[in-house]
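Beneath this line is the structure, given in structure tokens, with notes to follow.
Just so you know, ligand 1 is whichever comes first in the structure, and atom 1 is the first atom listed for that ligand. Given the structure is predicted, the values throughout are model-derived calculations rather than measurements. Positions are given from 1 along the sequence.
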Amino acid sequence: MKINNPTGLLITLEGGEGGGKTTQIVRLRDKLTAIGKDVVALREPGGTTVSEQIREVVLSAKNAGMAYTTEVLLFQAARAQIYREIVLPSLAAGKVVLMDRSRDSSVVYQGIVRGFGRELIDQLNDISTKQTVPDVTLLLDVPVMTGLARVADAGNNNRMEMQGTDFHDKVREAYLQLAKGDTSGRWQVIDASKSVDEVEAAIWQATQNIFPSAQTVG
Ligand code: TYD
């Protein structure tokens with residue numbers, strides 16, 4: 001496996017709604033900590049004081065009238081801040097950085113589904129992240145109806161989750177295409193329709209290449 005970040009390691013969790021990224025990132029963090037890794041777990045949009053305020057604006061159901069261009073730039077603004085404040089310094093310090101969403105969310109949601117195009121979003125992502133690409137990207141893939149049912153059970157739908165089923169179908173398809181078309185080997189597709197424990201085990205398995213010592217922890 002090619003390592004993109006020579007000092008630390010950047011692992012992103014990606015996917016549509018209800019794939020369980022938030023639960024799994026906590027479990028992965030705890031297991032990596034248990035084998036002695038210095039781990040930082042973050043979410044996008046958010047993770048810093050500035051980025052959490054941007055999150056509030058970009059995801060609030062109150063802002064149904066937000067222009068797509070505004071949405072594109074707000075996600076990038078939140079990203080620029082978290083990379084400068086936390087991600088890049090943590091990688092430079094040799095840490096393992098786990099992220100609940102990052103640049104690929106913008107490629108899928110804004111680039112492909114909203115239609116801004118891959119090229120523009122890649123350029124913006126490169127500015128926001130100072131050209132940082134994850135070492136590993138775990139795609140938690142779940143059928144749309146299963147994912148939306150999980151989100152509905154959790155309550156509190158945000159502005160993105162309120163989009164129609166068609167939108168979410170496109171999101172799922174775009175992620176699968178992105179993973180399929182990638183030649184870097186960083187994408188791992190995980191069947192997230194399974195139980196939380198099974199998904200946790202599949203994620204652990206998928207990180208074996210970079211954490212061989214992971215084998216020793218149950
Ligand atoms: P969040 O509540 O964090 O949802 P999830 O648990 O699905 O991650 O909401 C984040 C939403 O923002 C989600 O619908 C995806 C969307 N998003 C984008 O459209 N572009 C982006 O660049 C990012 C980071 C998120």
Before accepting this row, confirm whether a basic side-chain N of the pair R29/D100 lies closer than 4.0 Å to the acidic partner's carboxylate O.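 D100 and R29: not salt-bridged.
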Under 4.0 Å between a Lys/Arg side-chain N and an Asp/Glu carboxylate O for R103 and E44?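 No, R103 and E44 are not salt-bridged.
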Heavy-atom distances under 4.0 Å decide this one: backbone, side chain, both or neither, for V151 against ligand 1?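 The answer is neither; V151 stays 4.0 Å or more away.
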How does R103 reach ligand 1, by side chain, by backbone, by both or by neither, if only non-hydrogen atoms under 4.0 Å count?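 Contact part for R103 vs ligand 1: neither.
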Among [options], which residue places a heavy atom closest to [atom]?
{"atom": "atom 2 (O) of ligand 1", "options": "N158, L13, V113", "answer": "N158"}
{"atom": "atom 7 (O) of ligand 1", "options": "Q110, Q163, R101", "answer": "R101"}
{"atom": "atom 3 (O) of ligand 1", "options": "R55, E44, R43", "answer": "R55"}

Contacts of D153 that satisfy side-chain contact (heavy atoms from CB on, under 4.5 Å) - sequence neighbours left out: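 Per chain and number, D153 pairs via side-chain contact (heavy atoms from CB on, under 4.5 Å) with no residue.
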Taking the side chain as every heavy atom from C-beta outward, state whether [X] and [Y] have any atom pair closer than 4.5 Å.
{"X": "S193", "Y": "P143", "answer": "yes"}
{"X": "S60", "Y": "N158", "answer": "no"}
{"X": "V87", "Y": "M99", "answer": "yes"}

For [atom], which protein heavy atom lies nearest, and how many Å away is it?
{"atom": "atom 14 (O) of ligand 1", "answer": "E17 OE2, 2.9 Å"}
{"atom": "atom 24 (C) of ligand 1", "answer": "R79 NH2, 3.5 Å"}
{"atom": "atom 22 (O) of ligand 1", "answer": "S106 OG, 2.6 Å"}
{"atom": "atom 11 (C) of ligand 1", "answer": "L59 CD2, 3.7 Å"}
{"atom": "atom 25 (C) of ligand 1", "answer": "F75 CE2, 3.4 Å"}

Which of the numbered atoms in ligand 1 are under 4.0 angstrom from any heavy atom belonging to M160?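 Close to M160: 11 (C), 12 (O), 14 (O), 16 (C), 19 (O).
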Which residues share a salt bridge (Lys or Arg N to Asp or Glu O under 4.0 Å) with K95, sequence neighbours left out: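 For K95, no residue satisfies salt bridge (Lys or Arg N to Asp or Glu O under 4.0 Å) once neighbours in sequence are set aside.
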Determine, step by step, whether T137 and Y175 satisfy the side-chain hydrogen bond (donor to acceptor under 3.5 Å, both in side chains) criterion, reporting the C-alpha distance in whole Å, the side-chain angles of both residues, the deciding distance to 0.1 Å, and the verdict. CA-CA 11 Å; T137 298; Y175 268 120; over 6 Å; no
Ligand 1 to K21 polar contact by distance, N or O atoms, under 3.5 Å: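 Yes, since at least one N or O of K21 sits under 3.5 Å from an N or O of ligand 1.
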